[in-house]
Amino acid sequence: QIVEAAQAARDAKKAPGGSNDATNAGSSDAMQVDPSSTPSAAASGADGNGAGAPSAAAGPGGANRAGPASGMSDIRLDENGQRIIELQSVRREIWLNHGRIYMKRLMKKFDVKKRSAPERQNRFREVVKELCTMESDPINGRMLVLKQHYSNM
C-alpha cells in the first residue's frame, strides 16, 4: 500500500507538469500574471523613496536572486576574510536587527575577539561609540541600541 501511495504521488507530480506542457494556455496565463504584478510593484516603489523602489520591485517581481546578491555585495572582506569594519556596515547590521543587538552577537558578526589585532578592536569600539548607546541587562548582557539619527536608512 505504501508503494502504491508513493507511485500515486509521483504520478500526481508528473500530471500537472504534463498538463502544463500539453496546455500552453495555462502557462501563458501564468506568464501574464508575473509581468502585471511587476509593474504594480515598481509603481508602488516609484511613489515612495527612490532607494526603496529597486528592492520593492525585486521581491514581488520574482527576481529574488537580485535581493540576496545585492545584499552580499554590501559585505566587504579584507585580505584575511574578515568583514571590514565601517560605519555603514555596522549601522546596517544593527538596523537589520531592528535597531538593537547584543554586543556579543555584533562582535561575532565582525569577528572581533580578545586576540584580534588592537587596531581592529579600536576601530570597532570607535564605530560602536559613534553609532550606539549601550543598555545594560543583568541577564543578557550589554545591548547596543542605534542612536536616533542613525536609525533611519
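The cluster map of Ile, Leu, Val, Met, Phe, Trp and Tyr, joined by side-chain heavy atoms under 4.5 Å apart, puts L96 and I101 in the same cluster. If you chain together hydrophobic residues whose side chains sit under 4.5 Å apart, I94 and Y102 never meet in one group.
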Determine, step by step, whether Q82 and D111 satisfy the side chain to side chain contact (heavy atoms under 4.5 Å, CB included) criterion, reporting the C-alpha distance in whole Å, the side-chain angles of both residues, the deciding distance to 0.1 Å, and the verdict.
-> CA-CA 7 Å; Q82 296 176 327; D111 199 25; 2.9 Å; yes

Could you check R123 against E86 for salt bridge (Lys or Arg N to Asp or Glu O under 4.0 Å), going step by step and ending with a plain yes or no?
-> CA-CA 8 Å; R123 176 72 179 141; E86 294 176 327; over 6 Å; no

Please lay out, stage by stage, how R83 and R76 fare under the test side chain to side chain contact (heavy atoms under 4.5 Å, CB included).
-> CA-CA 6 Å; R83 289 180 69 170; R76 296 181 30 212; over 6 Å; no

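Screening L106, L144, L146 for a side chain to side chain contact (heavy atoms under 4.5 Å, CB included) with V90, the sole residue that qualifies is L106. For the side chain to side chain contact (heavy atoms under 4.5 Å, CB included) test with L131, the passing option among T133, V128, V127 is V127; the others fail.
Residues passing the side-chain hydrogen bond (donor to acceptor under 3.5 Å, both in side chains) test with R142, sequence neighbours excluded: none. K129 pairs by the side-chain contact (heavy atoms from CB on, under 4.5 Å) definition with nothing, not counting sequence neighbours.
Put simply, the side chain of M107 reaches to within 4.5 Å of the side chain of M103, judged on heavy atoms.
In this structure, the side chain of N97 does not engage the main chain of G99 through any donor-acceptor pair within 3.5 Å. R91 contributes a side-chain N or O that, together with a main-chain N or O of Y150, makes up a donor-acceptor pair within less than 3.5 Å. Within the 3.5 Å criterion, the main-chain N or O of K113 finds a donor-acceptor partner in the side chain of Q121.
In terms of heavy atoms, F110 sits closest to I85 at CD2-CG1, 4.1 Å.
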